Amino acid sequence: MTTTGAGAGSAGRTPPVLRLYHDLLADRERLIEAHHRLLAEQNALLEQIDLLCARSTAAAAGSDTPCGSPAPLSPVQRQVLVLMAGGAKDGAIARRLNLSERSVRRQVESLTQRTGASNRFTLALAAIKIGWLPAGH
């Protein structure tokens with residue numbers, strides 16, 4: 001028995017739909033890499049902003065450490081806080097920041113302890129009062 005049609009003539013060729021699938025996978029990988037680079041750059045910028053804010057607060061207070069203000073947030077804490085205050089659940093925050101849900105819960109718990117808040121709502125209010133979040137957030 002001999003084979004006829006597409007099977008016999010296309011033994012060495014990749015079907016167009018398979019080529020498209022491979023192209024999409026490659027695009028997805030490039031997007032993920034770009035996303036990780038952007039997160040790293042964003043974290044570096046947030047660290048610089050925190051450092052500059054701490055320096056300006058210390059200079060305004062005339063001392064080496066800001067008086068009465070809590071230690072600045074880490075870039076991850078800031079991102080978690082902003083997303084949480086925006087109503088995002090732990091799973092969504094974890095996916096967005098490429099963290100585990102457990103890490104997100106630990107960050108929220110740490111922020112809650114730092115502010116003395118009893119829940120996420122009061123944490124957001126405390127973060128606004130402290131200046132970690134803008135008032136309109």
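Since the model is a prediction, treat every value here as computed from it, not as a measurement. The residues of the chain are indexed from 1 along the displayed sequence.
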Got a sec, which residues hit salt bridge (charged side-chain N to carboxylate O under 4.0 Å, His left out) with D27, two or more places apart in sequence or on another chain?
->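 For D27 the salt bridge (charged side-chain N to carboxylate O under 4.0 Å, His left out) partners, ignoring immediate neighbours, are R30.
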Can you name the salt bridge (charged side-chain N to carboxylate O under 4.0 Å, His left out) partners of R120, sequence neighbours left out?
->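 R120 satisfies salt bridge (charged side-chain N to carboxylate O under 4.0 Å, His left out) with D90 only.
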Nearest 0.5 Å please: distance from the [atom1] atom of [X] over to the [atom2] atom of [Y].
{"X": "L111", "Y": "Q77", "atom1": "CG", "atom2": "CD", "result": "5.0 Å"}
{"X": "R28", "Y": "L31", "atom1": "CZ", "atom2": "CG", "result": "9.5 Å"}
{"X": "R114", "Y": "L73", "atom1": "CZ", "atom2": "CG", "result": "5.5 Å"}
{"X": "T14", "Y": "Y21", "atom1": "OG1", "atom2": "OH", "result": "14.0 Å"}

Over all heavy atoms of both residues, which pair between [X] and [Y] is shortest? Give the atoms and the distance, please.
{"X": "P134", "Y": "I128", "value": "O-CG1, 3.8 Å"}
{"X": "L133", "Y": "A124", "value": "CD1-O, 4.1 Å"}
{"X": "T112", "Y": "A117", "value": "CG2-O, 2.8 Å"}

Same hydrophobic cluster for I32 and I93, using side-chain heavy-atom links shorter than 4.5 Å among ILVMFWY?
-> no
In sequence, state the C-alpha distance, the side-chain angles, and the governing distance for L39 and Q42, and then conclude on side-chain contact (heavy atoms from CB on, under 4.5 Å).
-> CA-CA 5 Å; L39 282 176; Q42 182 182 18; 3.7 Å; yes
What residues join [X] in its hydrophobic cluster, counting side-chain heavy atom gaps under 4.5 Å, either direct or through other members?
{"X": "F121", "answer": "L125"}
{"X": "L38", "answer": "none"}
{"X": "L20", "answer": "L24"}

Side chains of L81 and M84: closer than 4.5 Å at any heavy-atom pair?
->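 Result yes, sub-4.5 Å side-chain heavy-atom pair found.
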Under 3.5 Å, side-chain donor or acceptor atoms of residues 94-108 against the rest of the protein: list the pairs with distances, not counting sequence neighbours.
from: R95; atom 1: NH1; to: G91; atom 2: O; distance (Å): 3.3
from: N98; atom 1: ND2; to: H36; atom 2: NE2; distance (Å): 2.9
from: S100; atom 1: OG; to: S103; atom 2: N; distance (Å): 3.0
from: S100; atom 1: OG; to: S103; atom 2: OG; distance (Å): 3.0
from: S103; atom 1: OG; to: R106; atom 2: NH2; distance (Å): 3.4

